[in-house]
2 protein chains.
Amino acid sequence: MLVQVAKDSDFTIHNLPWGIFSVPGESPRVGMAIGDQILDMVAVAELELFDFDVSVFYEDKLNPFIALGKSVTNKARTQVQGWLKSKDSPLAGKPELFVPQAEATMHLPISIGDYTDFYSSIEHATNVGRMFRDPENALLPNWRHLPVGYHGRSSSIIESGVPIRRPKGQTKPPTSDTPIYGPSKRLDFELEMGFVIGKDSELGQQVSTDEAEDYIFGLALFNDWSARDIQKWEYVPLGPFLGKSFASSLAPWIVTLEALEPFRTAGPAQDPAVLPYLASRGPANYNIQLEVGITPKNGTEQVVSRSNFGYMYWSMRQQLAHHTVNGCNVRVGDLMASGTISGKDESSYGSMLEISKGGKQPFPMNDGSTRSFLDDGDTVTMRGWGEAGDIRVGFGEVSAEILPASPE
Amino acid sequence: MLVQVAKDSDFTIHNLPWGIFSVPGESPRVGMAIGDQILDMVAVAELELFDFDVSVFYEDKLNPFIALGKSVTNKARTQVQGWLKSKDSPLAGKPELFVPQAEATMHLPISIGDYTDFYSSIEHATNVGRMFRDPENALLPNWRHLPVGYHGRSSSIIESGVPIRRPKGQTKPPTSDTPIYGPSKRLDFELEMGFVIGKDSELGQQVSTDEAEDYIFGLALFNDWSARDIQKWEYVPLGPFLGKSFASSLAPWIVTLEALEPFRTAGPAQDPAVLPYLASRGPANYNIQLEVGITPKNGTEQVVSRSNFGYMYWSMRQQLAHHTVNGCNVRVGDLMASGTISGKDESSYGSMLEISKGGKQPFPMNDGSTRSFLDDGDTVTMRGWGEAGDIRVGFGEVSAEILPASPE
């Protein structure tokens, strides 16, 4: 190995995720994470080892690289993997190809055309349905028949690390006859996994569950920040709007679908049986452990949730087949997210709304404070990783601090 | 006048809308409609009359031009207006600057980042609420307090003239206990007006109602095709998704907000009073007459609706102020649409859902057939124009034919 990789590193030789980084004085470019280093793909490109147009590595978004297609991008990753393993490789003895992650700035890795958010954890949908609607009929009649989803806002998807300003807006407290205006009092995170479309489909074309994985370039951690009080007042009948669109945070590293193969697992049994266009062969979920930590201002991090991407009722295959069943086209760089990933156990809930039971059971923090929702100054950090035998593949983290609402 | 303009032309000297056109053998570029001609802005650029970077006219989308800002784009329009009026102008005696519209192909004029659809006609919201939900409480409690909206799909917004494939998907007919898969049986149009964002805002910034018009470059006719049966089964709780995302049609010509000044009018009184962030000074609506025609295969067009953009309960100012109140940023080329524009009278309903009362009162066509929803082979054409004294400013049309669902 050309790079020493710690045993618990997210970025092992089995991973090699793609991202966009910069160092002072240089423009953003494509990089690959290995251990605590970044392999500078522009520097590698200049060694003239690749048989494709390497100008894609000089871009400040991954889209042009991804658009080359999996036959190119997977081969590039496999080639680098081989080189990193070998002392005789063309990368050997060239420390200038590597940049310490600690010295680099990470950027939003993709230019996102459309962003779609699903709602595919049955535990989350049940928990929310119980609180927002009817405790007796928490799951709506369509939920087990199709992966419910909605269009989200692309413009406000930002890179990990950018602080989140508490949004203002219109809410209607139960104690008030009329709506009021002001900062959200119920600011929340949503633990999600996003996937990045790697191949265009045509308008009118359906992508089948069998074909779907060809269209998925890779995955990244995603925090779909939510203002529950704004959402609750606005969302009937056309769905979430300003309660979500103030910001969503995307992790810097896109882990390829291929790197996740060791963690493939079957999802929950689907009952009733799905319509044929949603049927899918073999295991389509991924056993990725997830956790969420909250760090109060000047405090220490406390984990508030441990969940797993494998819990999803609807798989990415099914989400994509459903999304395109009406002929809707997808484009390279589109982002689709899972929806909040909750498990059965209370310790695995993926949002404060669920953890605090809508604010009725505030979560006790180590410093003696409690959280129903997020406080100003809180930093929320999400992590994810798969482990199978000796193989570990991690997602790094997506993290951001909550700033107070703007004064005026 | 350098160009003869018919009295009933949409594209008078008062209008001068922007679009993207091409002629055989030449690449798409920026043009301006005047009468039945297009002024080729690349040809004008080569006369070196402008004091800004004219490379924007060589682009195949209007975004780079729009991004120059209104101080540039309005001046350019006013300059051309002056030149077109004068026989001594630098455009005089140069017929090669003009291309007959009949010989040009029009293209999607903008690269759309995010697309937002509002729901701002009180008559439409009431009509739909009555049919989809509760006839006694058709208008939901939030409706008069905020301009309800939702995020739509950008990728499937296409140029006028491209046929629409009847979508397939999941529906649950009232006669069935379980959902079924197949072509939509309730394919509908929605008569809308879209507006194009002309200026970026920053994440965290609120655009006030006073500032909003600075952010609106122009308007275009928009048909937000809807599959009512797919929509009805999917839309609770997260809003419309596949019932809309199969296609939306945008007219080729973007009429500047400035060209619409003669038609400015007050909207309906808002009761109850809106929160201060939604309050707006002076008239903020536009008296634009609208009509929808259906032409059956091999038949003649029949007008099925006559409405008016002035009917909107919520103005564009209010929509934009609301959209950004939480800090959500907007970007040049974002599209926002009004939602279906219906009037009080049955002849002014902006969708077949309303015209046919959800299919209960099929609309009688001249050829003896009836329409509850759209048939394969129908062409739907929408038109819009303002008239004030001698001044006429029109939007051209947005039109598309319905093709049968794909066979397999």
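In this text, all values refer to a predicted model and were calculated from it rather than measured experimentally. Order of the sequence lines fixes the chain letters, A, B, ..., with proteins taken first and strands second; residue numbering starts at 1 for each chain.
- Contact annotation for B:Leu146: both backbone and side-chain heavy atoms come within less than 4.5 Å of a heavy atom of chain A.
- Proximity to chain B (any heavy atom under 4.5 Å) is restricted, for A:Leu275, to the side chain, taken from C-beta onward.
- Within the 4.5 angstrom heavy-atom criterion, no atom of B:Ser111 approaches chain A.
- Residue contact with chain B, scored on non-hydrogen atoms closer than 4.5 Å, is absent for A:Pro272.
- The shortest side-chain heavy-atom distance between A:Arg153 and B:Asp334 falls under the 4.5 Å cut-off.
- Of the two parts of A:Ile158, only the side chain, counted from C-beta on, holds a non-hydrogen atom closer than 4.5 Å to a non-hydrogen atom of chain B.
- Looking at A:Leu140, only its side chain comes within 4.5 Å of chain B, counting heavy atoms on both sides.
- Contact annotation for B:Ser406: neither backbone nor side-chain heavy atoms come within less than 4.5 Å of a heavy atom of chain A.
- With hydrogens and angles disregarded, a donor-acceptor distance shorter than 3.5 Å links the side chain of A:Ser155 to the backbone of B:Asn329.
- With a 4.5 angstrom heavy-atom cutoff, A:Arg166 does not touch chain B via any of its atoms.
- The part of A:Ile180 that comes within reach of chain B is its backbone (N, CA, C, O), which places non-hydrogen atoms under 4.5 angstrom from that chain.
- When heavy atoms are compared at a cutoff of 4.5 Å, A:Tyr277 approaches chain B solely by way of its side chain, counted from C-beta outward.
- Neither the backbone nor the side chain of B:Pro183 comes within less than 4.5 Å of any heavy atom in chain A.
- The main-chain N or O of B:Val236 is found under 3.5 Å from a side-chain atom of A:Asn142 such that the two form a donor-acceptor pair.
- With a 4.5 angstrom heavy-atom cutoff, A:Asp117 does not touch chain B via any of its atoms.
- Using a 4.5 Å cut-off between heavy atoms, A:Val330 contacts chain B through both its backbone and its side chain.
- Both the backbone and the side chain of A:Leu238 come within less than 4.5 Å of a heavy atom in chain B.
- Side-chain atoms of A:His151 and B:Ser154, non-hydrogen and from C-beta on, never get closer than 4.5 Å to each other.
- For A:Lys185, the NZ atom sits in a loose shell: 12 or fewer heavy atoms of surrounding residues, nucleotides or ligands are nearer than 6.0 Å.
- Ring geometry for A:Phe241 versus B:His323: interplanar angle over 60°, hence perpendicular rather than tilted (30 to 60°).
- With a 4.5 angstrom heavy-atom cutoff, A:Thr324 does not touch chain B via any of its atoms.
- Interface remark: A:Ser245 contributes backbone and side-chain atoms alike to the contact with chain B (heavy atom separation under 4.5 Å).
- Interface remark: of the candidates A:Arg165, A:Lys172, A:Glu234, A:His322, A:His322 forms the most heavy-atom pairs closer than 4.5 Å to chain B.
- With a 4.5 Å cut-off on side-chain heavy atoms, B:Pro237 and A:Tyr235 count as touching.
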